[in-house]
Amino acid sequence: MPKPNDDFDPELESTQAGEIAIVAGLGARKKAPVLEQVQGPGAPRSFPLAIDETVIGRGHQANITIESSRLSRRHMAVRRAGPEMSCVDLNSANGVYLNGVRAHSAVLHDGDTLQIGDVVFVFHEAGA
Amino acid sequence: MSEPVFVRFWGTRGSIPTPGHKTRRYGGNTSCVEIRVGELLLICDGGTGLRELGLDLLARGRPNVEAHLFFSHMHWDHIQGFPFFVPAYSPANSLYVYELSPSDDRVQRLLHGQMRSEYFPVTFTDLGARIVGRHFENQRTEFGGVRVRSLQQTHPGISYAYAFEIGDRKIVYATDSELDLLLSDLEEPLRDPQALRRLPDSLVEFCRDADLLIADGQYTDEEYPQKKGWGHARANTVVDLAVQARAKRCAIFHHDPMHTDELVDHKIRAAEARLTHAGSACQVFGAREGLVLKID
């Protein structure tokens, strides 16, 4: 496994989805957008969103794997489109809730709360 | 028709576009909502949000666009995006524009008018797309498995709400309507703000059991007395419409151009508290640009 370079933020926890954190350290600017997990298994911890699509779910094919029975294997994706970041429900069983509203997808803004099953994230924009 | 229905908000602002950092979250583009089921595309209003919808339609890579356009009314903030709707310029595309009665040509006439050379460099007749007028008969029309009803609203110059029934799903688009002038007791909200505001049966029935009610809730209770007669509703009165109609979800729409994101949050929190007080299972939220809802 490659060693993170000097840009790597040591506060970003390495997880089963450690690839995400490593990618952030190797290839991204220090202030990539971040999903801060504030509730659910493994919280608190943060995931930088340094690739164009980050899939979150309980399956090992997800980029961020969280072991919760209330998550689908591939539950939600966070995608980059130009300067915007969006969340998309990947036909999950329990849905994606943006600030409490069940959403199929949405453009994300700083401070938005995303809930999937028993897992809650706060989205932080790049540089925020 | 059992395919899921997707509703996307492309513009949620009232009156005038409000770009800038104070309105980023709810958005600054004026009224435009996309309703999509399979290949069928319905567009409610052509405010400045329509421009970005047009660009997105091109990015989807379909060889041609066929869209059904419904205008609540022809005030500027509901038509200003049309000249910038890129699909209107391609001969491969077809746009169906709905008039309110067989003898009415108001929608096409005013779309045409805002593209006169005094206002815009390209005229309506130079648009490449096939633009076809269609009309309601007895407040109803139907196409492609979609049943649509219209209802006249209270707004300076008159506006219309639309109820779209797609299979067993129902979406109501009801913007630019001063519900507060329809109350059976106009003064009751001042005497007892918590009391349920009774709305006409015809309106309640029009919205009955909507899976999604998108409604003009531009003002807070505190603001409304200074804005009476301007054609827009208190958000709390929209909540009471949703309660009486037993709507499942209610999107407060047409945000005031003076409202920052924080002020819209404040308005929505008051609406949520009112729903909780009413014991309703409906969910209320602030419509925001870029939000897509799936209605199964």
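None of the values given here were measured: they were computed from a predicted structure.
Per-residue heavy-atom pair counts under 4.5 Å with chain B were compared for V88(A), D112(A), D89(A), and the maximum is reached by D112(A). Of the listed residues R288(B), R249(B), R25(B), the one with more heavy-atom pairs under 4.5 angstrom with chain A than any other is R288(B).
A distance below 6.0 Å separates the ring centres of H254(B) and H78(B).
Between Y26(B) and H255(B), the ring-plane angle classifies as perpendicular under the 30° and 60° cut-offs.
Using a cutoff of 4.0 Å between basic side-chain nitrogens and carboxylate oxygens, R8(B) and E34(B) are not scored as salt-bridged.
L98(A) touches chain B through its side chain: at least one heavy atom from C-beta onward sits under 4.5 Å away, while N, CA, C and O do not. For a residue to count as touching a neighbouring chain, one of its non-hydrogen atoms must lie under 4.5 Å from one of that chain's; by this rule F6(B) touches chain A with the side chain only.
Judged purely by atom type and a 3.5 angstrom limit, Q39(A) has no side-chain atom pairing as donor or acceptor with the backbone of V120(A).
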